[in-house]
Participant: 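Below: one structure in structure tokens.
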Amino acid sequence: DREYEEELAARRSAMERHATFIGRWVHQMKTPLSVLQLSAQEIEDEDLADSVREELDRLRQGLETVIYTSRLERFEQDLAVERVALAVPVREALAEQRRLFIKRRISPVIEIDEETEVYTDRKWLRFILGQILTNAAHYTEGVGKKVRIRAYRRGANQVLEISDEGIGIAPEDLNRVFNPYFTGQRGRQYKESTGMGLYLVSEICRNLDHGVELESQPGTGTAVRIV
């Protein structure tokens with residue numbers, strides 16, 4: 001009825017105002033963050049400088065997660081599908097996680113043909129990869145471990161697989177890792193997880209009409225596939 005329609009319109013308007021506010025707030029926070037990143041270059045103590053840069057990277061990634069979460073509410077308005085060389089967003093996502101990989105002493109291995117192309121939104125795909133790569137780094141222990149990123153054909157589809165040599169996911173948690181705020185046994189153990197990373201990956205993939213798969217063995221590692 002009319003009253004219901006009016007209430008629905010009011011709620012939709014409130015959500016849009018909230019999303020707009022969040023977007024503007026994040027952009028305002030990016031300015032002092034950039035200033036701090038520049039200031040970190042002036043720190044003479046290299047260990048302290050590395051620690052500050054690492055925390056600033058975490059702030060930047062946190063802000064990015066907030067803005068992308070708010071954009072999910074109006075995904076169609078923020079979508080630009082094009083033919084993308086798959087290696088490009090992979091390299092961009094790895095560059096953003098470079099300090100984390102160096103700190104964890106993890107080597108990324110890219111096995112993607114430069115000519116491999118897919119139809120996707122490059123910006124959203126880069127964000128997805130950032131979430132997966134962050135998880136791979138946080139849950140991998142030991143010097144000399146690798147994170148392998150490869151692409152291959154599966155019938156009519158192209159598959160992008162990110163596999164690590166980390167601690168893996170407990171079998172009882174596998175069916176819930178894509179739920180919002182679910183950290184699981186490993187997340188609670190390492191205290192790094194917000195429980196939102198894989199949820200956002202699954203929601204964004206659904207909106208992009210991409211498939212997402214996950215396999216994991218405790219003590220062996222985890223593989224996430226974007227189809």
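The basis for the numbers below is simple: all heavy atoms, side chains too, and nothing from hydrogens, waters or symmetry mates.
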Participant: State, yes or no, whether a side-chain contact exists between Ile149 and Leu129 at a heavy-atom distance under 4.5 Å.
Facilitator: no
Participant: Tell me if the CD atom of Glu215 is crowded by more than 12 foreign heavy atoms within 6.0 Å.
Facilitator: no
Participant: Any donor and acceptor pair, going by atom type alone, linking the side chain of Ser216 with main-chain N or O of Gly221 inside 3.5 Å?
Facilitator: yes
Participant: Restricting to salt bridge (charged side-chain N to carboxylate O under 4.0 Å, His left out), what partner residues turn up for Arg105, sequence neighbours left out?
Facilitator: none
Participant: May I ask you to say whether Glu46 pairs ionically with Arg53, meaning some side-chain N is under 4.0 Å from a carboxylate O?
Facilitator: yes
Participant: Taking the side chain as every heavy atom from C-beta outward, state whether Glu5 and Arg2 have any pair of such atoms under 4.5 Å apart.
Facilitator: no
Participant: Could you verify whether a donor N or O on one side chain and an acceptor N or O on the other, from Arg206 and Ser202, lie under 3.5 Å apart?
Facilitator: no
Participant: Please name the pair of heavy atoms, one in Ile226 and one in Cys205, separated by the smallest distance, quoted to 0.1 Å.
Facilitator: CD1-SG, 3.7 Å
Participant: Does Asn135 form a side-chain contact (heavy atoms from CB on, under 4.5 Å) with Thr222? I'd like the steps, not just the answer.
Facilitator: CA-CA 10 Å; Asn135 280 354; Thr222 300; over 6 Å; no
Participant: Can you confirm whether the side chains of Glu165 and Thr140 place a donor and an acceptor under 3.5 Å from each other?
Facilitator: no
Participant: What is the minimum heavy-atom distance between Asp57 and Gln37, and which atoms define it?
Facilitator: OD1-NE2, 4.4 Å
Participant: Any chance CZ of Arg153 has more than 12 other-residue heavy atoms, nucleotides or ligands included, within less than 6.0 Å?
Facilitator: yes
Participant: Would you confirm whether Thr134, through its side chain, and Gly130, through its main-chain N or O, come within 3.5 Å as a donor-acceptor pair?
Facilitator: yes
Participant: Taking atom CE of Met29 and atom CD1 of Ile67, what is their separation to the nearest 0.5 Å?
Facilitator: 12.0 Å
Participant: For side-chain contact (heavy atoms from CB on, under 4.5 Å), just list the numbers for Glu203 and Tyr68, CA-CA rounded to whole Å, side-chain angles, deciding distance to a tenth of an Å, and then say yes or no.
Facilitator: CA-CA 11 Å; Glu203 284 296 293; Tyr68 276 86; over 6 Å; no
Participant: Looking at every heavy atom in both Ala49 and Ala40, which two are closest together, and how far apart are they?
Facilitator: CB-O, 4.0 Å
Participant: For residues Asp164 and Ile106, determine if any side-chain heavy atom of one lies less than 4.5 Å from a side-chain heavy atom of the other.
Facilitator: no
Participant: Leu79 versus Asn207: any side-chain heavy-atom pair under 4.5 Å?
Facilitator: no
Participant: Is there a path from Phe178 to Val227 through hydrophobic residues (I, L, V, M, F, W, Y) whose side chains come within less than 4.5 Å of each other?
Facilitator: no
Participant: As a test of understanding, state which of Leu86, Ile204, Val88 forms a side-chain contact (heavy atoms from CB on, under 4.5 Å) with Leu125.
Facilitator: Leu86
Participant: Using a cut-off of 6.0 Å, state whether more than 12 heavy atoms not belonging to Arg24 lie near its atom CZ.
Facilitator: no
Participant: Any non-hydrogen side-chain atom of Trp124 less than 4.5 Å from a side-chain atom of Asp78?
Facilitator: yes
Participant: Are the side chains of Lys146 and Pro108 in contact, using a 4.5 Å heavy-atom criterion?
Facilitator: no
Participant: Does the Ser34 side chain pair with the main chain of Lys30, one donor and one acceptor, at a distance under 3.5 Å?
Facilitator: yes
Participant: Identify whether Val90 and Leu100 are in the same connected component of the hydrophobic contact network (ILVMFWY, side-chain heavy atoms under 4.5 Å).
Facilitator: no
Participant: Give the intermediate values and the outcome of salt bridge (charged side-chain N to carboxylate O under 4.0 Å, His left out) for residues Arg150 and Glu111.
Facilitator: CA-CA 4 Å; Arg150 66 188 187 110; Glu111 300 172 358; 5.1 Å; no
Participant: Is there a side-chain contact between Leu198 and Leu214 (heavy atoms, below 4.5 Å)?
Facilitator: yes
Participant: Are Leu38 and Gln41 close enough, and set up right, to give a side-chain contact (heavy atoms from CB on, under 4.5 Å), and what steps lead you there?
Facilitator: CA-CA 6 Å; Leu38 286 172; Gln41 297 174 11; 4.1 Å; yes
Participant: Look at atom CD of Gln217 and say whether more than 12 heavy atoms of other residues, nucleotides or ligands are closer to it than 6.0 Å.
Facilitator: no
Participant: Considering residues at least two apart in sequence or located in another chain, which fulfil the salt bridge (charged side-chain N to carboxylate O under 4.0 Å, His left out) criterion with Glu82?
Facilitator: none
Participant: Work out which heavy atom in Pro218 is nearest to a heavy atom in Ala170; give both atom names and the distance.
Facilitator: CG-CA, 4.3 Å
Participant: When you group the ILVMFWY residues by side-chain heavy-atom contacts below 4.5 Å and let the links chain together, are Tyr199 and Phe127 in the same group?
Facilitator: yes
Participant: For the side chain of Arg104 and the backbone of Ala137, is there at least one donor-acceptor N/O pair under 3.5 Å apart?
Facilitator: yes
Participant: Quick one: closest heavy-atom pair of Tyr152 and Glu161, and the distance?
Facilitator: OH-OE1, 3.5 Å
Participant: Under 3.5 Å, is there a donor-acceptor pair linking the side chains of Gln158 and Thr116?
Facilitator: no
Participant: Could you check whether any side-chain N or O of Arg122 sits under 3.5 Å from a backbone N or O of Pro89, counting only pairs where one atom can act as donor and the other as acceptor?
Facilitator: no
Participant: Are Leu133 and Leu59 connected in the hydrophobic side-chain network, where two residues link if heavy atoms are under 4.5 Å apart?
Facilitator: yes
Participant: Decide yes or no for Gln97 and Gln61: does some side-chain heavy atom of the first lie under 4.5 Å from some side-chain heavy atom of the second?
Facilitator: yes
Participant: Heavy-atom count around Glu115 CD within 6.0 Å, excluding the residue itself: above 12?
Facilitator: no
Participant: Kindly compute the distance separating CD (Glu96) from CD (Glu64), expressed to the nearest 0.5 Å.
Facilitator: 5.5 Å
Participant: What's the shortest heavy-atom distance between Gln131 and Gly197, and which atoms?
Facilitator: OE1-CA, 3.3 Å
Participant: Counting heavy atoms not belonging to Asp45, are there more than 12 under 6.0 Å from its CG?
Facilitator: yes
Participant: Treating Ile, Leu, Val, Met, Phe, Trp and Tyr as nodes and any side-chain heavy-atom pair under 4.5 angstrom as an edge, say whether Leu63 and Leu72 lie in one connected cluster.
Facilitator: yes
